[in-house]
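Heads up, the thing below is written out as structure tokens.
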Amino acid sequence: MQSTLLDAAIGTPVELGQPEVPAALRLRLAEIGIRRGQVVSAMRRTTGGGRVVAVGRARIALDRATCRSIMVTDEHTLDPHPAPARSEREAQLR
Amino acid sequence: MSSHAPSCHAAETGRSAPVGSPIVAFVGAPNGGKSTLFNRLTGARRVMGNWPGTSVEIGRGSWRMGDRTVDAIDFPGTYSLDPLSPDEELTRNLLVEVPLEERPDAIVVVADASHLARSLYLVAQVAEQPYRMVVALTMNDVAERRGVSVDAVKLAEQLGHPVIELDPRRGTGLESLADALTASLDAPAPARPARTAPEGSDFDRADARFAWIDDAVASAVVESEQDRTKTERIDSLLLHPIIGPLAFLGVMWLVFQLTTAVAAPLQDGLDALFTGPIANGATAGLEALGVAHPLVVGLIVDGLVTGVGTVLTFAPLMAIMFCLLALLEDSGYMARAAVVTDRLMRTIGLPGKAFLPLIVGFGCNVPAVSATRVLGDAKQRILTALLVPLTSCSARLAVYVMLAQTFFPENAGSVVFAMYLVSILLVVLTGLALRSTLWRAMGSSALVLDLPTYQRPQPRLVAQVTWMRLRGFLQTAGGIIVVTVMIVWLLQALPASGGHAIGEVPPTESWYATISSWLAPVFAPAGFADWRAVGALITGFLAKEAVISSWAQTYAVADPSTLDPTGQGVSALADQLRMTFDTASGGHPTLAVIAFMLFLLAYTPCVATLAAQKREIGLAWTVFGVVLQLALAYGLAVLVFQVGVLIL
């Protein structure tokens with residue numbers, strides 16, 4: 001099921017799809033790092049229902065409508081320290 | 001509009017360095033330290049003003065690099081050369097669209113080391129033009145605290161242009177910047193761009209630039225793991241859905257209090273100084289010179305000196321406002337305020353930041369109009385500057401209290417409160433009306449806001465910015481206010497009848513009374529077609545604070561301003577006003593005074609507000625605002641009176 005940045009859990013890294021917004025806004029978002037393939041995290045909700053998004057070291061505030069327009073193509077948890085496989089079978093499954 | 005703007009080399013653009021000095025453009029993203037660097041390099045030798053033919057504010061100053069003087073231009077903050085606003089459009093026009101010989105001789109791109117990848121997008125675009133370029137790397141201390149280490153030498157190798165680490169706040173690295181720029185200017189201008197512009201759609205080009213940037217960052221930046229920063233801890237409170245708005249209201253209350261309570265005694269002191277010792281000194285000086293003609297003495301003492309005094313009494317108010325704006329911006333809190341208020345302001349099509357000038361307007365409209373410069377978008381700035389005069393300032397409060405106590409002694413408090421509710425309603429409804437008509441094409445701008453890290457404001461830089469903005473206000477608004485004060489004095493001093501000496505004219509026989517009498521019939525549908533009521537509106541145009549004193553002068557009674565509200569309601573002036581409104585309204589004084597108060601609320605606040613508007617949004621929009629407010633005020637007053645008479 002496709003989800004948007006608005007649906008992303010707080011603090012969970014997600015990979016962005018192409019923002020479904022007007023061209024000018026899409027370019028502006030890309031310039032500040034919000035573009036297809038970028039991995040970001042929604043840090044907190046804002047008063048207006050939008051999100052503060054961590055893009056690398058930057059923190060970008062986005063309104064609710066813009067968040068709803070940014071597809072998340074692959075929602076997963078990027079664990080920088082995965083636990084070692086306990087068996088060869090588990091390693092194969094990974 | 002900006003496609004017809006003159007180039008950087010045109011004489012009318014106000015070059016501040018000697019003719020022939022190389023022109024260097026400073027560009028960079030917002031919050032990256034560009035203007036701080038520019039201010040540091042140019043010091044007092046800079047001016048701010050709208051680029052000819054545009055409403056875009058640009059800084060220009062001379063920068064002395066050893067034996068060489070450079071003409072420096074501070075362009076508005078931008079993330080890229082692909083424009084989304086008039087500010088960015090002008091930047092693009094002046095840097096890219098004009099012929100080579102009309103472009104700046106070099107560009108300094110200010111890049112934020114703590115947001116390097118994003119900052120380098122502009123570098124990538126400038127590198128696609130045949131420019132001498134130096135990259136000034138700022139915010140190195142912020143980057144270091146975040147565990148980001150930038151190797152400027154490796155970065156320069158990757159970018160193909162000099163990269164200079166500096167701190168404009170502390171003044172470090174400025175000589176290195178000067179050396180790099182000197183070397184660059186001494187070399188011939190590049191015949192070809194350092195980097196070939198990518199092909200394809202806008203997005204293909206953007207992707208290619210980001211790929212180039214990613215390579216540069218990967219080679220020059222090392223990041224280490226960091227604990228949650230202090231900024232994020234503060235943001236967990238200031239951006240909290242409940243605590244955030246409360247904190248914001250607290251900050252706004254503080255701003256409101258400081259611009260009224262702190263400024264008020266300073267303003268009173270200045271007023272006393274000008275109406276006392278300085279006026280007396282001027283009179284004595286003219287006597288000593290043998291100048292005795294009442295017209296000349298009156299024009300100089302009661303016109304010019306009073307006018308200059310009026311301008312300077314605004315100085316403490318404006319200084320405090322500009323200082324607070326600079327503190328809020330420099331600390332990083334302004335961006336959070338914009339996020340917190342975004343949804344509320346969006347209902348009238350304005351960004352969150354527009355809340356600040358509207359709140360300040362309830363103290364005084366003059367600094368509130370100046371505060372609209374926090375809005376980067378010109379259309380939003382104009383719309384907000386047009387709505388500010390509808391916020392009921394504290395000067396109008398004095399008149400409401402007097403009239404409420406006089407005509408509604410049992411419910412005075414409620415009547416005054418109702419005026420503030422009407423004011424808020426007018427702001428919202430007028431905003432919505434303008435958004436759906438003249439500003440229909442503006443569109444609802446998305447909130448895409450970079451939240452900078454919190455930092456301690458630098459007092460020296462805050463003082464510099466405050467002085468620069470205050471000087472701009474005094475220079476542009478001062479003349480208008482002084483001339484208007486002199487004109488109103490003339491009207492009151494010149495006899496229309498009776499053969500009185502100039503300056504010794506009874507109010508009823510002055511040109512002030514005559515003109516008020518000509519205008520009075522216009523207000524018959526609103527129920528206050530009396531020259532004394534209409535005259536107060538003319539005086540109120542000068543300053544609402546003068547309404548009660550001018551009434552006292554007109555009726556030849558004591559000025560009750562210094563009495564408490566209850567005392568004002570039973571004063572001799574109160575008795576006269578009750579008779580005037582009763583007669584003028586044909587026996588409906590309550591309705592007539594409500595109509596009068598609504599007119600007072602909605603029409604032009606004062607000439608100082610107009611002067612501030614002219615500076616911020618230009619003459620045409622200021623005139624539009626005057627017409628809009630007069631129409632609104634008149635329509636409201638007539639509607640209330642006429643419908644009230646029908647119903648009651």
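Just so it is clear, the structure is predicted and the values come from calculations on it, not from any experiment. Naming convention: chains lettered A, B, ... in sequence-line order (proteins, then strands); numbering from 1 in each chain.
For D235(B), the parts lying near chain A are the backbone and the side chain together; criterion is any non-hydrogen pair under 4.5 Å. Within the 4.5 angstrom heavy-atom criterion, only side-chain atoms of R35(A), from C-beta onward, approach chain B. When heavy atoms are compared at a cutoff of 4.5 Å, R45(A) approaches chain B solely by way of its backbone atoms N, CA, C and O. Using a 4.5 Å cut-off between heavy atoms, D450(B) contacts chain A through both its backbone and its side chain. Neither the backbone nor the side chain of V53(A) has a heavy atom closer than 4.5 Å to any heavy atom of chain B. Within the 4.5 angstrom heavy-atom criterion, only side-chain atoms of L29(A), from C-beta onward, approach chain B. At a 4.5 Å heavy-atom cutoff, A65(A) makes no contact with chain B through either its backbone or its side chain.
Residue R68(A) qualifies as enclosed at atom CZ: its count of foreign heavy atoms under 6.0 Å is above 12. Other residues, nucleotides and ligands contribute more than 12 heavy atoms inside 6.0 Å of the CZ atom of R205(B).
Residue with the most contacts toward chain A among P241(B), S80(B), A206(B): S80(B) (heavy-atom pairs, distance under 4.5 Å). Ranked by heavy-atom pairs under 4.5 Å with chain B, the first of A61(A), A58(A), G48(A) is A61(A).
Taking 4.5 Å as the limit, some side-chain heavy atom of L95(B) sits within range of a side-chain heavy atom of F75(B). Contact of the M133(B) side chain with the V123(B) side chain is registered, since non-hydrogen atoms from C-beta on lie closer than 4.5 Å. Considering only heavy atoms from C-beta on, T46(A) stays 4.5 Å or farther from R343(B) through its side chain.
A cation-pi geometry, defined here as NZ or CZ lying under 6.0 Å from the six-membered ring centre and within 45° of its normal, holds between R336(B) and Y454(B).
Taking both residues in full, the closest heavy atoms of G49(A) and L6(A) are given as O-CD1, 3.6 Å, listed atom of the first, atom of the second, then distance.
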